[in-house]
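Read the structure below first, then the notes.
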Amino acid sequence: MTWDIEDRTVVVTGGNSGIGQATATELVRRGANVTITVRDPDQGRRAAEHITEQSGRAASWKVLDLASFDSVREFVGSVIADVGRVDVLINNAGVYIGSRRATPGGHEWTMGVNHLGHFFLTCLLASDAATRPSRIVSVASDVHRHAKRDLDFADLSCPGHYRGTEAYARSKLANILFTKELARRLNGTETTAFAVHPGLVATRIAQDGDSVFGSLAWKVGAHWMRRPSEGAVGPVFLASEPGIEKHTGRYFADARPTDPSKAAANDAAARQLWELSAAAVGCDLDLRRV
């Protein structure tokens with residue numbers, strides 16, 4: 001059957017602003033049934049109303065805090081109860097913080113939200129064939145090329161003196177390695193996985209008090225950055241384009257497959273990251289049901 005996004009159920013994490021909101025808006029406009037995730041209910045209501053106004057069709061929202069494994073479990077239970085199965089999962093939400101802090105589970109915050117939260121969400125949905133999405137898209141970044149420390153992922157923390165830029169780059173590297181290993185583990189099923197670089201986009205990342213320096217730098221550079229609608233080109237393409245199954249596991253820049261860094265092409269690192277992540281979240285794909 002030819003892939004068509006119309007009437008498909010789509011979840012976009014972090015859909016209240018930026019790339020996530022632009023992605024959700026375009027997919028709703030194309031006929032998808034989209035649920036965005038937010039940490040704050042008021043932001044969820046406002047974002048869903050904005051998407052509806054822009055697209056002419058309704059969008060829904062649910063609370064999800066990717067820093068909390070309990071929140072991820074609650075979200076998955078809720079969305080499955082509501083829709084039964086998510087056809088497309090877009091792992092879009094991301095954070096940048098200027099100083100080290102820990103999630104409720106004790107993990108470094110940037111890796112905990114940008115990678116582990118999405119790993120757990122994906123694992124819970126993909127472990128059962130009845131709820132496994134057909135397409136899983138993770139929004140990464142070419143910033144992954146600047147990751148310098150522990151590229152083989154001996155552990156999940158950000159080793160050494162904490163720098164927000166290094167922690168963020170390493171989390172984006174993790175997004176790509178996760179996609180690579182996810183595609184390998186789901187080989188032979190009808191599920192495909194992709195990672196995508198949306199370009200340098202003027203979003204709200206680092207704008208909510210997480211990093212004073214990051215916020216200032218982002219505001220100064222925003223004039224030269226892409227608009228969220230431009231950043232959404234890649235996620236929308238990977239969610240909706242038919243005939244791209246052969247590219248599962250690949251890294252895209254917008255709508256084009258491209259080669260990531262050497263570290264992001266390391267099969268052993270991808271497997272090591274997977275094993276550490278599965279142990280950290282307490283979830284692994286049940287291969288007997290894959």
Side-chain angles (χ1 to χ4, degrees), residues 1-38 43-64 75-76 78-93 118 121-122 125-126 128-139 179 186 189-199 201 203 226-248 250 252-257:
M1 180 182 295
T2 301
W3 179 262
D4 190 343
I5 197 63
E6 187 172 3
D7 290 330
R8 298 282 186 175
T9 299
V10 180
V11 166
V12 181
T13 67
N16 58 293
S17 64
I19 297 168
Q21 186 177 100
T23 298
T25 301
E26 181 57 29
L27 291 176
V28 170
R29 187 178 287 123
R30 296 186 184 200
N33 302 313
V34 177
T35 296
I36 61 170
T37 78
V38 296
Q43 290 185 1
R45 282 188 285 270
R46 288 194 296 269
E49 289 171 359
H50 178 77
I51 292 169
T52 300
E53 291 171 1
Q54 294 296 310
S55 66
R57 296 180 65 251
S60 61
W61 62 273
K62 286 184 179 293
V63 170
L64 171 61
F75 169 79
V76 170
S78 176
V79 77
I80 290 175
D82 284 355
V83 303
R85 180 175 182 268
V86 175
D87 294 303
V88 180
L89 171 62
I90 302 181
N91 293 322
N92 162 79
H118 283 126
L121 171 62
T122 302
L125 289 173
D128 193 328
T131 61
R132 187 179 307 134
S134 295
R135 293 190 178 188
I136 300 166
V137 180
S138 294
V139 178
T179 296
L186 292 175
T189 73
E190 296 182 354
T191 296
T192 52
F194 310 95
V196 61
H197 168 53
V201 181
T203 67
R226 307 176 87 186
R227 297 187 302 273
S229 59
E230 295 173 300
V233 167
V236 169
F237 173 84
L238 293 170
S240 59
E241 183 70 10
I244 60 172
E245 292 76 12
K246 64 183 179 181
H247 295 299
T248 186
R250 292 291 305 275
F252 279 69
D254 289 334
R256 301 180 306 278

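It should be emphasised that the depicted structure is a prediction, and the values quoted were computed from it without experimental measurement. Note that the numbering runs from 1 along the sequence shown for the chain. The analysis underlying the following values was restricted to heavy atoms, covering all of them including side chains, and did not include hydrogens, waters or symmetry mates.
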Taking side chain as C-beta onward, heavy atoms only, is [X] less than 4.5 Å from [Y]?
X    : Y    : value
L125 : L89  : yes
T13  : L64  : yes
V236 : L27  : yes
T9   : V88  : no
T192 : S134 : no
I90  : V11  : no
L238 : I244 : yes

What's the shortest heavy-atom distance between T131 and G84, and which atoms?
-> CG2-O, 3.7 Å
Shortest non-hydrogen contact from P198 toward D254 =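 For P198 versus D254, the nearest heavy atoms are O-OD1, 4.1 Å.
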The single option from I51, T25, T23, V10 passing side-chain contact (heavy atoms from CB on, under 4.5 Å) against I36 =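 When I51, T25, T23, V10 are each tested with I36, the side-chain contact (heavy atoms from CB on, under 4.5 Å) holds only for I51.
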Do any pairs count as a salt bridge (charged side-chain N to carboxylate O under 4.0 Å, His left out) and have a residue in residues 235-246, sequence neighbours left out, and if so which ones?
-> R135-E245
Nearest-0.5 Å distance, [atom1] of residue [X] to [atom2] of residue [Y]:
X   : Y    : atom1 : atom2 : answer
R57 : N33  : CZ    : CG    : 5.5 Å
R30 : D4   : CZ    : CG    : 10.5 Å
N91 : T122 : CG    : OG1   : 4.0 Å

Go through the structure and list residues passing salt bridge (charged side-chain N to carboxylate O under 4.0 Å, His left out) with R29, not counting sequence neighbours.
-> E26
Could you check whether the rings of F252 and F237 sit parallel, tilted or perpendicular, using 30° and 60° as the cut-offs?
-> tilted
With R46 as the cation and W61 as the aromatic partner, state whether NZ or CZ is under 6.0 Å from the six-membered ring centre and within 45° of the axis.
-> no
Set of residues satisfying side chain to side chain donor-acceptor pair (under 3.5 Å) with respect to D82, sequence neighbours excluded =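 Partners of D82 by the side chain to side chain donor-acceptor pair (under 3.5 Å) criterion, ordered by chain and then number, come out as K62.
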